[in-house]
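Accompanying notes for the structure given below.
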Amino acid sequence: MLLDLSAILDCPGASLPFSTGVDLSDLQYGQSFPVSEPVLASGTVRNTAGVLVMTGRIQTTIHGVCDRCASDFDQEVSFPIDVVLVSELSDEENEDEWVFPLVGDSADLEDIVRTVFVLNLDSKLLCRPDCRGLCCRCGSNLNLGPCGCRKEPDPRFAALKQLLEK
């Protein structure tokens, strides 16, 4: 979806609100497709002394599998949009991921929302920040409580254990 910015391009101090929903259901993240609902984006594009600055928020619900405990989860996420829109990239080799070129007099909202979403998403999907994961011996979910495994002594201390037994 293109956002027409021709009304504010030559008017420093002018602003234009935007609101859209972008379908990112095709976005593969690891082995899953965590976004099945539209990603909602809203905010404002401002012409600040000839520089177009887009600010706002994106929000959606992630449906994923926790990377630590393998449980299914749903999580509301919201990320800020804070990007710069330029008529052309001056140096494509060293381009900044937060700078987007205009398509004519318009901004490509789908490209901006997709990029902001991916760059803000954590590298691991977790059901909650303090997820304890699975027991490495029995495989039980440690978020539900402690497992029944006995802690095995460190084999490096076997010689000390023999001294204590004497």
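Keep in mind it's a predicted model, so treat the numbers as computed, not measured.
Inter-residue side-chain proximity for Gln59 and Val77 is flagged as unmet; no heavy-atom pair is nearer than 4.5 Å. Using a 4.5 Å heavy-atom threshold, the side chains of Tyr29 and Leu125 count as touching. Within the 4.5 Å cutoff, no side-chain heavy atoms of Thr20 are placed close to those of Leu40. Residues Phe100 and Leu52 fail the side-chain proximity criterion, which asks for heavy atoms closer than 4.5 Å. A heavy-atom distance below 4.5 Å is found between the side chains of Cys69 and Cys127. In this structure the side chain of Met54 reaches within 4.5 angstrom of the side chain of Leu109, judged on heavy atoms.
Put simply, the side chain of Asn47 never gets that close to the backbone of Gly13: no donor and acceptor are under 3.5 Å apart.
Distance check, rounded to the nearest 0.5 Å: CG of Leu5 to OG of Ser15 gives 11.5 Å. Asp105 CG to Leu9 CG: the interatomic distance, rounded to the nearest 0.5 Å, is 5.0 Å. Here CD of Glu110 is found 8.0 Å from CG of Asp23. Values are rounded to the nearest 0.5 Å. In this structure, Asp67 CG and Leu126 CG are separated by 6.5 Å, a value rounded to the nearest 0.5 Å.
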Open item on the list: If you apply the rule side-chain contact (heavy atoms from CB on, under 4.5 Å), what do you find for Val99 with Val83, and how did you get there?
Closed with: CA-CA 6 Å; Val99 176; Val83 300; over 6 Å; no
Open item on the list: As a quick check of understanding, evaluate side-chain contact (heavy atoms from CB on, under 4.5 Å) for Leu3 and Val45, giving each step before the final call.
Closed with: CA-CA 10 Å; Leu3 175 65; Val45 179; 3.9 Å; yes
Task: Trace of the side-chain contact (heavy atoms from CB on, under 4.5 Å) decision for Ile62 with Asp74 - done: CA-CA 6 Å; Ile62 293 177; Asp74 297 331; over 6 Å; no
Open item on the list: For a side-chain contact (heavy atoms from CB on, under 4.5 Å) check, start with the C-alpha distance between Asp108 and Leu2, then their side-chain angles and the critical distance, and finish with the verdict.
Closed with: CA-CA 5 Å; Asp108 185 354; Leu2 295 177; 4.0 Å; yes
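The two residues Phe33 and Ser25 have their closest heavy-atom pair at CD2-O, 3.7 Å. Nearest heavy atom pair, residue Thr60 against residue Pro38, reads OG1-O, 3.3 Å.
When the salt bridge (charged side-chain N to carboxylate O under 4.0 Å, His left out) test is applied to Asp154, the partners found at least two apart in sequence or on another chain are Arg156.
Using modelled atom types, one finds a donor on one side chain and an acceptor on the other under 3.5 Å when comparing His63 with Glu37.
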Side-chain donor-acceptor pairs under 3.5 Å in residues 111-124, sequence neighbours left out?
{"residue": "Arg114", "atom": "NH2", "partner": "Asp26", "partner atom": "OD1", "Å": "3.1"}
{"residue": "Thr115", "atom": "OG1", "partner": "Asp111", "partner atom": "O", "Å": "2.9"}
{"residue": "Asn120", "atom": "ND2", "partner": "Val116", "partner atom": "O", "Å": "2.8"}

Only pairs under 3.5 Å count here: list side-chain donor-acceptor contacts from residues 131-147, not counting sequence neighbours, and write none if there are none.
{"residue": "Arg132", "atom": "NH1", "partner": "Leu142", "partner atom": "O", "Å": "3.4"}
{"residue": "Asn141", "atom": "OD1", "partner": "Asn143", "partner atom": "N", "Å": "2.9"}
{"residue": "Asn141", "atom": "OD1", "partner": "Asn143", "partner atom": "ND2", "Å": "3.2"}
{"residue": "Asn141", "atom": "ND2", "partner": "Ser71", "partner atom": "OG", "Å": "3.4"}
{"residue": "Asn143", "atom": "OD1", "partner": "Arg128", "partner atom": "NH2", "Å": "3.0"}
{"residue": "Asn143", "atom": "OD1", "partner": "Arg132", "partner atom": "N", "Å": "2.8"}

